[in-house]
Amino acid sequence: MASNHPTKRRRPAELKVEQILDGLQEAYPEAQCALDHVNPFQLLVATMLSAQCTDATVNKVTPVLFGRFMTPEQLARASQAELEQIIHSTGFFRNKAKNIKAASQKIIDEFGGQVPADMTALLSLPGVARKTANVVLGTAFGIPSGVVVDTHVFRISRRLGLTRSTTPERVEEDLIKSLPQKEWILFSHRVIHHGRQVCTARRPQCGKCILEPYCPKIDVEDVQR
C-alpha cells in the first residue's frame with residue numbers, strides 16, 4: 001500500500017553540505033587537532049599561544065614550556081620574564097605570558113585546578129575567547145559547542161560558498177546553521193588539514209581537490225592571478 005506521506009526531498013544546499021562532509025571524511029578520516037597536548041590544560045595553553053602564530057611553532061615551544069611548568073600551579077608561580085623567554089617565538093609573548101599566568105591562577109582559585117568543561121567558565125579566563133573555548137571543549141571534552149574558525153576554516157568556508165560573512169564570528173554562525181552539530185568538531189579539524197595540504201591561501205590546488213565538484217571557487221580566481 002502506497003504511503004500517503006511524500007518523501008522529503010533534500011534541498012540542493014543540504015545535498016552540497018552532505019557531499020562536502022563526505023569528501024572531507026574520505027580525504028582526512030584520521031584528522032585530529034594539530035596542537036600537541038596530553039591533557040585539557042596543555043591544550044588550553046597551546047591554543048592561547050597559537051593566536052597569530054602557526055601550530056608548528058607552538059608545537060616547538062610547548063615541549064620546553066610543559067617540561068618546565070606542568071601544572072596550573074607551576075605556571076601561575078612562574079616568573080613573567082621566564083615565560084616570555086620560552087614563548088617569545090610565538091609572538092605577542094608579553095601579553096600571552098600575562099594571560100597564561102592569570103588564567104592558570106583563576107583555574108586554581110575558581111575551578112579546583114581543573115580546566116572547566118563549560119563555555120561560560122572558559123570565557124571567564126583571561127586571554128580566552130570563543131575560538132579557544134571551542135577548541136578546548138571540542139577536542140579535550142568532545143563537546144560540540146560551536147565551530148572553530150581559524151584562518152583555514154574562514155578561507156575555505158567562503159570559497160565553498162558555505163558563508164559570505166566577513167568576520168570569524170559571523171562565519172561560525174553560518175556554519176552552525178548549515179552543518180549538523182555532530183560534525184562541528186571534525187569539520188574544523190579536516191578543513192584545517194585541507195587548507196594546509198590542498199586549498200592553500202595563495203595557490204589552491206583545485207585540480208587535486210576532492211571538493212572541486214561542489215566548490216564555486218569564490219575569490220579563487222583573484223588569488224591565482
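For the single chain, residues carry numbers from 1 onward in sequence order.
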Asks: Are the side chains of Lys101 and Leu83 in touch, meaning some heavy atoms are under 4.5 Å apart?
Replies: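 Heavy-atom side-chain distance check passes, below 4.5 Å.
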Asks: Can you tell me if Thr200 uses its side chain to pair, donor with acceptor, with the backbone of Arg203 under 3.5 Å?
Replies: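 Here the side-chain-to-backbone pair exists.
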Asks: Grab the two heavy atoms, one from Leu43 and one from Thr47, that are nearest each other, plus how far apart they are.
Replies: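 Answer, listing the atom of Leu43 first, then Thr47: O-OG1, 2.7 Å.
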Asks: Side chain to side chain contact (heavy atoms under 4.5 Å, CB included), that's the test. Do Arg77 and Glu73 meet it? Break it down for me.
Replies: CA-CA 6 Å; Arg77 294 196 303 265; Glu73 291 81 6; 3.8 Å; yes
Asks: Val135 versus Ser50: any side-chain heavy-atom pair under 4.5 Å?
Replies: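 In short, these two side chains do not touch, never coming nearer than 4.5 Å.
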Asks: In terms of side-chain geometry, is the basic nitrogen of Asp174 or Arg158 positioned less than 4.0 Å from the acidic oxygen of its partner?
Replies: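 Here Asp174 does not pair with Arg158 in a salt bridge, since their nearest N and O are not under 4.0 Å apart.
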Asks: Can you name the one residue among Thr163, Asn134, Thr167 that meets side-chain hydrogen bond (donor to acceptor under 3.5 Å, both in side chains) with Glu172?
Replies: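 For Glu172, the side-chain hydrogen bond (donor to acceptor under 3.5 Å, both in side chains) check succeeds only for Asn134.
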Asks: Between Tyr28 and His189 (judged by ring centroids, cut-off 6.0 Å), do the two rings come close enough to count as a pair?
Replies: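 They do not qualify: ring centres at least 6.0 Å apart.
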Asks: Locate the shortest heavy-atom distance separating Ser157 from Val153; write the atom from each residue and the value.
Replies: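 Looking at all heavy atoms of both residues, the closest pair is OG-O, 2.7 Å.
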Asks: When rounded to the nearest 0.5 angstrom, what is the spacing between CG in Leu65 and CG in Leu49?
Replies: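 Going from the CG atom of Leu65 to the CG atom of Leu49 covers 6.5 Å.
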Asks: Spell out, yes or no, whether Leu186 and Leu24 are grouped together once hydrophobic residues are joined by side-chain heavy atoms under 4.5 Å, including indirect joins.
Replies: no
Asks: If only atom types and distance count, is the side chain of Thr62 paired as donor or acceptor with the main-chain N or O of Val58 below 3.5 Å?
Replies: yes
Asks: So, for Lys217 and Glu212, which heavy atoms are closest and what is the spacing to 0.1 Å?
Replies: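 The answer is NZ-OE2, 2.7 Å.
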Asks: Atom OG1 in Thr90, atom NZ in Lys60: separation rounded to 0.5 Å?
Replies: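 Reported value, rounded in 0.5 Å steps: 13.0 Å.
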Asks: Give the minimum heavy-atom separation between Ala34 and Asp55, together with the two atoms involved.
Replies: CB-OD2, 3.5 Å
Asks: Does Gln80 reach the main-chain N or O of Arg94 with its side chain, forming a donor-acceptor pair under 3.5 Å?
Replies: yes
Asks: Can you check side chain to side chain contact (heavy atoms under 4.5 Å, CB included) on Phe69 and Ile86, steps first, answer last?
Replies: CA-CA 11 Å; Phe69 308 104; Ile86 293 173; 3.9 Å; yes
Asks: Are there more than 12 heavy atoms of other residues, nucleotides or ligands under 6.0 Å from atom CD of Glu82?
Replies: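 Counting neighbours around CD of Glu82, more than 12 heavy atoms of other residues, nucleotides or ligands fall under 6.0 Å, so yes.
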Asks: Taking CD in Gln85 as the centre, count heavy atoms belonging to other residues, nucleotides or ligands within less than 6.0 Å. Is the count above 12?
Replies: no
Asks: Considering all heavy atoms of both residues, which atom of Ala97 and which atom of Ile87 are nearest to each other, and what is their separation?
Replies: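 Shortest heavy-atom separation between Ala97 and Ile87 comes out as N-CD1, 3.6 Å.
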Asks: Quick one: CG on Leu179 to CD1 on Ile185, what's the gap to the nearest 0.5 Å?
Replies: 12.5 Å
Asks: Could you go through the side chain to side chain donor-acceptor pair (under 3.5 Å) check for Gln19 and Lys16 one step at a time?
Replies: CA-CA 5 Å; Gln19 290 163 332; Lys16 175 180 174 176; over 6 Å; no
Asks: Could you state the interatomic distance from CZ (Arg190) to CG (Leu21), rounded to the nearest 0.5 Å?
Replies: 8.5 Å
Asks: Consider only side-chain heavy atoms of I, L, V, M, F, W and Y, link residues closer than 4.5 Å, and tell whether Val149 and Ile192 are in one cluster.
Replies: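 As far as the 4.5 Å side-chain criterion goes, Ile192 and Val149 are connected within one cluster.
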Asks: Minimum heavy-atom separation for Val220 and Pro204, please, with both atom names.
Replies: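 For Val220 and Pro204, the tightest heavy-atom pair comes out as CG1-CG, 3.8 Å.
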Asks: Between Leu122 and Met48, is there a shared hydrophobic cluster once you connect ILVMFWY residues whose side-chain heavy atoms come closer than 4.5 Å?
Replies: yes
Asks: Taking Gln181 for the side chain and Gly146 for the main chain, is one N or O donor matched with an acceptor at less than 3.5 Å?
Replies: no
Asks: Cys215 and side chain to side chain contact (heavy atoms under 4.5 Å, CB included): which single residue from Ile156, Leu160, Ile210, Ile20 fits?
Replies: Leu160
Asks: Which is it for Phe111 and Leu125 under the side chain to side chain contact (heavy atoms under 4.5 Å, CB included) test, yes or no, and what are the steps along the way?
Replies: CA-CA 11 Å; Phe111 303 109; Leu125 299 175; 4.0 Å; yes
Asks: To the nearest 0.5 Å, what is the distance between CG (Leu75) and CD (Gln105)?
Replies: 11.0 Å
Asks: Would you call the rings of Phe41 and Phe66 parallel, tilted or perpendicular, where under 30° means parallel and over 60° means perpendicular?
Replies: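 Tilted, since the angle between the ring planes falls between 30° and 60°.
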Asks: At what distance, to the nearest 0.5 angstrom, does SG of Cys209 lie from NE2 of His194?
Replies: 3.5 Å
Asks: Report, as yes or no, whether the 6.0 Å neighbourhood of atom NZ on Lys106 holds more than 12 heavy atoms from other residues, nucleotides or ligands.
Replies: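 It does: Lys106 NZ has more than 12 such atoms within range.
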Asks: Salt bridge check, Glu84 against Lys96: does any charged N sit closer than 4.0 Å to a carboxylate O?
Replies: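 No, no charged N to carboxylate O under 4.0 Å.
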Asks: Mind running side chain to side chain contact (heavy atoms under 4.5 Å, CB included) on Arg159 and Arg155 for me, showing each step along the way?
Replies: CA-CA 6 Å; Arg159 285 179 177 175; Arg155 177 180 72 252; 3.6 Å; yes
Asks: Quick check on the hydrophobic clustering: are Ile100 and Ile108 connected, directly or via other members, by side-chain heavy-atom contacts under 4.5 Å?
Replies: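 The answer is no; the residues belong to distinct hydrophobic clusters.
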Asks: Does atom CD of Glu110 have more than 12 heavy-atom neighbours from other groups under 6.0 Å away?
Replies: yes
Asks: Given side chains that start at C-beta, do those of Leu162 and Phe187 come closer than 4.5 Å, heavy atoms only?
Replies: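 Heavy-atom side-chain distance check passes, below 4.5 Å.
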Asks: May I ask whether Val115 and Met70 are part of the same hydrophobic cluster, defined by side-chain heavy atoms of I, L, V, M, F, W, Y residues being less than 4.5 angstrom apart, directly or through others?
Replies: no
